[in-house]
**Q** 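Below is a structure I'd like to ask you about.
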There are 2 protein chains.
Amino acid sequence: MRIGELAGSTGVDVETVRYYEKSGLLPPPAREANGYRTYGKTHLERLAFIRHCRALDMPLADVTRLLNFVDRPASDCGDINVLVDQQIGRVKARLKSMRALEKQLTALRRQCSEPHSTKECGILHELVSAAHGEACACHAEH
Amino acid sequence: MRIGELAGSTGVDVETVRYYEKSGLLPPPAREANGYRTYGKTHLERLAFIRHCRALDMPLADVTRLLNFVDRPASDCGDINVLVDQQIGRVKARLKSMRALEKQLTALRRQCSEPHSTKECGILHELVSAAHGEACACHAEH
DNA sequence: AGAAACCCTGTAGCCGCTACAGAGTCAAGC
DNA sequence: GCTTGACTCTGTAGCGGCTACAGGGTTTCT
């Protein structure tokens, strides 16, 4: 299997595959006589594994660590739980701030419903008064 | 006001202030005889404005556009609404995917409650079976 | 035979900072 | 007056995770 086929069957960009190799996530494959990379089933699985982890938004550094566990099946998996828990924590934290953000933006949006001159635009007014340290709808205390 | 004071009173890193100047968000300030930047109240307000927009997670390109509106108070503000709406859309979309992510991760986490050998780790099994194209707890159809 | 599609390496760009290196400047304490 | 430390300057490089070239070679289809 050449790189294009591998990439196509996992939904990954060809450049990304090469990037993963350069980053040490995918082992360097064998080469044809012309220098083309040739991949086998193990590469395919490994790449799918990586993509699955990335779909869970894990950083590549964590994926690397997970792959090390895969390569050493006898070792203890306690650290895997820790890793997943950390990821859950990151996601939860981001969710929280995104929810706050949504509130702030919709509050801000309410300040201006119809187009008029920017001098009278409620949105700009809000953003500018924040610049004076005043309270504003979108960053209200609570 | 020198750069340190400006940065301190807006909670921005000194390097970030210089970065904003280089990026055209903050106009180049006057200089003292020794070359130090000196800022006035307008800079302070503009910087606070920028930070407020950034707190709403707007890209700097959008902030630039908003600042252009601020500088031309006679123009129509219709595009401001569009800009804020786009931002709300981005945030909503991210929220949706983050919520899905959280579900997936917690489902995955359930696969392994106590440490054992990685060969038997439910989490790794899930991630690996995904690599075979099989169904998995965290990316279940619904 | 020629065109299109693939492959190669290497480098630069994206975002929004952050972190240096290497230099100059200034105020306070001894 | 001299050192120490805090501040400032410019310029460059790094972060993550790709993405997009440039400039070449190879294969495959017509």
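Chain identifiers are assigned alphabetically (A, B, ...) following the order of the sequence lines, protein sequences preceding nucleic acid strands; residue numbering begins at 1 within each chain. Everything quoted here is computed from the prediction, not taken from an experiment.
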**Q** Sequence neighbours left out, what passes side chain to side chain donor-acceptor pair (under 3.5 Å) with B:Asn81? Give chain and number order.
**A**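 With neighbours one apart ignored, the set is empty.
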
**Q** Using only side-chain N and O atoms of B:Asn34, determine if any of them is under 4.0 Å from OP1 or OP2 of D:dC9.
**A**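 So the side chain of B:Asn34 is outside the cut-off, no N or O lying under 4.0 Å from OP1 or OP2 of D:dC9.
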
**Q** Looking at residues 6-23 of chain B, who's got a heavy atom less than 4.0 Å off DNA chain D?
**A**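 B:Arg18, B:Lys22 - these, ordered by number, are the residues of the stretch whose heavy atoms sit under 4.0 Å from the strand.
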
**Q** Quick one: is B:Arg37 getting a side-chain N or O under 4.0 Å of the D:dC9 phosphate, OP1 or OP2?
**A**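 So the side chain of B:Arg37 is within the cut-off, an N or O lying under 4.0 Å from OP1 or OP2 of D:dC9.
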
**Q** Using a 3.5 Å distance criterion without hydrogens, assess whether the side chain of B:Glu21 forms a donor-acceptor pair with backbone atoms of B:Val17.
**A**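 A pair under 3.5 Å: no.
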
**Q** Do the side-chain N or O atoms of A:Arg51 get closer than 4.0 angstrom to the phosphate oxygens (OP1, OP2) of D:dG17?
**A**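 For D:dG17, OP1/OP2 do not have a side-chain N/O of A:Arg51 under 4.0 Å.
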
**Q** Return whichever of A:Leu60 or B:Tyr36 has its heavy-atom-nearest nucleotide of DNA chain D closer to the 5' end.
**A**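 Looking at the nearest nucleotide for each, B:Tyr36 comes out on the 5' side.
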
**Q** Would A:Ile123 end up clustered with B:Val70 when hydrophobic side chains under 4.5 Å apart are linked, directly or stepwise?
**A**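 Same hydrophobic cluster.
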
**Q** Could you state the CD-C1' distance from A:Glu32 to D:dT26, rounded to the nearest angstrom?
**A**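 That distance rounds to 10 Å.
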
**Q** Is A:Thr118 reaching over with its side chain to a backbone N or O of B:Arg72, donor-acceptor style, under 3.5 angstrom?
**A**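 Here the side-chain-to-backbone pair exists.
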
**Q** Among A:Lys92, A:Arg94, A:Arg99, exactly one meets salt bridge (charged side-chain N to carboxylate O under 4.0 Å, His left out) together with B:Glu102. Which residue is that?
**A**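 When A:Lys92, A:Arg94, A:Arg99 are each tested with B:Glu102, the salt bridge (charged side-chain N to carboxylate O under 4.0 Å, His left out) holds only for A:Lys92.
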
**Q** State, to 0.1 Å, how close A:Cys77 and B:Cys112 come at their nearest heavy-atom pair, and which atoms those are.
**A**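 What the structure gives for the nearest pair is SG-SG, 3.6 Å.
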
**Q** Expressed as a whole number of angstroms, how long is the span from A:Leu26:CG to D:dC18:P?
**A**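 Roughly 12 Å, once rounded to whole Å.
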
**Q** Of all nucleotides in DNA chain C with an atom under 4.0 Å from a non-hydrogen atom of chain B, which is the first and which the last going 5' to 3'?
**A**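 Extent of the interface on DNA chain C: C:dG16 to C:dC26.
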
**Q** Which pair of heavy atoms, one from A:His116 and one from A:Glu120, lies closest together, and at what distance?
**A**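 Taking A:His116 first and A:Glu120 second, the nearest heavy atoms are CE1-O, 3.7 Å.
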
**Q** What is the minimum heavy-atom distance between B:His43 and B:Pro27, and which atoms define it?
**A**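 That closest heavy-atom pairing would be NE2-O, 3.4 Å.
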
